[in-house]
Amino acid sequence: MRILVIEDDSALRKIVSTILEEEGYEVDQSADGKEGLFMSQSGMYDLLIIDLMLPGLDGISLIKELHVKGMNVPTLILTAKDSVADKVKGLDVGADDYLVKPFATEEFLARVRSVLRRAGKIGLEGKISYGEIALDTNLMQCSIGENTLKLTKKEYDLLYYLIQNQEKILMRDQIYDRVWGIESDAGESVVDVYIHYLRKKLAPFGYGDIIRTIRGVGYMLTEE
């Protein structure tokens, strides 16, 4: 899971990011609303955590702009504003949940998991599946039926992203940015290499053909 934290309070931003990283999430940070909007549009993130009072562009306007552009990224608002009107306003513009500062770590993590579950990013027990392929996000393990499939970290991340977006066409650069990160110097051809690795490992279980090549575009996980 990759999460973007958009918070101008540097101390709180660091604390929130550390909490998430200790739970196994990959975290990027932004202290500015305009920069946060730009990063949010990359398609890399499973969840946005947004403060309402931001320099450059406030949190409400940021969420509105994302929805205007057709990007429905799961969103959790963190703010000191605790009035009912503020909560209603945040939820009405498209936020998935609203947490008032200060907050307990346990509640924060529970709300993160809740938003991700409702968005279909994780199952009730931290598991996602496609056919008989099941990924346990807590143990970072893959199984097919009763068999355990040994995957490298990048193979697991790639399969996870494909299952998350099953039956959807994913562009090659989109996969690269999400799995390897925009700062990686591996080159986009690494996507094709790891798709080959995954197909080879899935083939003995009858799933070698589920990763379909969309010529000139990218890949799609489908049994069609």
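In this pair, Tyr197 and Tyr194 present their aromatic rings perpendicular. The plane angle is above 60°, beyond the 30 to 60° band.
Contact annotation: the side chain of Phe108 never approaches that of Glu106 to less than 4.5 Å [non-hydrogen atoms, C-beta and beyond]. The side-chain heavy atoms of Tyr98 and Leu52, taken from C-beta on, include a pair separated by under 4.5 Å.
Both Leu151 and Val193 belong to a single network of hydrophobic side chains, linked directly or stepwise wherever heavy atoms of I, L, V, M, F, W or Y lie under 4.5 Å apart. There is a path of hydrophobic side-chain contacts, each under 4.5 Å, that joins Ile144 to Met140. Hydrophobic clustering of Ile, Leu, Val, Met, Phe, Trp and Tyr side chains at less than 4.5 Å, counting indirect connections, keeps Ile175 apart from Met220. Both Val27 and Phe103 belong to a common hydrophobic cluster when Ile, Leu, Val, Met, Phe, Trp and Tyr are linked at side-chain heavy-atom distances under 4.5 angstrom. Note: the hydrophobic cluster containing Ile128 also contains Phe205 (ILVMFWY, side chain heavy atoms under 4.5 Å, direct or indirect links).
A salt bridge does not link Arg13 to Asp9: none of the charged side-chain nitrogens sits closer than 4.0 Å to a carboxylate oxygen. Note on Asp97 versus Arg111: salt bridge recorded, some NZ/NE/NH1/NH2 to OD/OE distance being below 4.0 Å. Under 4.0 Å is where a charged nitrogen must lie from a carboxylate oxygen, and between Glu7 and Lys101 at least one such pair does.
Between the side chain of Asp58 and the main chain of Leu54, no donor-acceptor pair closer than 3.5 Å is present. When atom types are taken as modelled, the side chain of Tyr207 and the backbone of Glu223 share no donor-acceptor pair closer than 3.5 angstrom. Looking at Lys69, its side chain never comes within 3.5 Å of a backbone N or O of Gln41 through a donor-acceptor pair.
Closest approach of Ser30 and Leu4 over heavy atoms only: N-CD1, 4.4 Å. Of all heavy-atom pairs spanning Gly36 and Ile6, the tightest one is CA-CD1, 3.7 Å. Of all non-hydrogen atoms in Lys150 and Glu155, the two that sit nearest each other are O-OE1, 4.3 Å. When all heavy atoms of Ala186 and Trp180 are compared, the pair lying nearest together is CB-CD1, 4.4 Å. For the pair Leu62 and Ser40, the tightest heavy-atom approach, listed with the atom from each and the gap, is CD2-OG, 4.4 Å. Taking every heavy atom of both residues into account, Lys34 and Leu57 meet most closely at N-CB, 3.9 Å.
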Quiz prompt | Residues Asp157, Glu26; criterion side-chain contact (heavy atoms from CB on, under 4.5 Å); working and verdict | solution = CA-CA 11 Å; Asp157 291 344; Glu26 294 182 29; 4.3 Å; yes
Self-check item: Trace of the side-chain contact (heavy atoms from CB on, under 4.5 Å) decision for Asp32 with Asp8
Solution: CA-CA 6 Å; Asp32 178 86; Asp8 64 327; over 6 Å; no
Quiz item: After noting the C-alpha distance and the side-chain angles of Tyr219 and Asp192, does the key distance pass the side chain to side chain donor-acceptor pair (under 3.5 Å) rule?
Solution: CA-CA 9 Å; Tyr219 297 97; Asp192 305 317; 2.6 Å; yes
Self-check item: Full working for side-chain contact (heavy atoms from CB on, under 4.5 Å) between Leu78 and Val100
Solution: CA-CA 6 Å; Leu78 292 185; Val100 177; over 6 Å; no
Practice problem: Determine, step by step, whether Leu76 and Asp96 satisfy the side-chain contact (heavy atoms from CB on, under 4.5 Å) criterion, reporting the C-alpha distance in whole Å, the side-chain angles of both residues, the deciding distance to 0.1 Å, and the verdict. | Solution: CA-CA 6 Å; Leu76 170 62; Asp96 295 275; over 6 Å; no
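Checking Glu167 against Tyr130 by side-chain atom types alone, a donor-acceptor pair falls below 3.5 Å.
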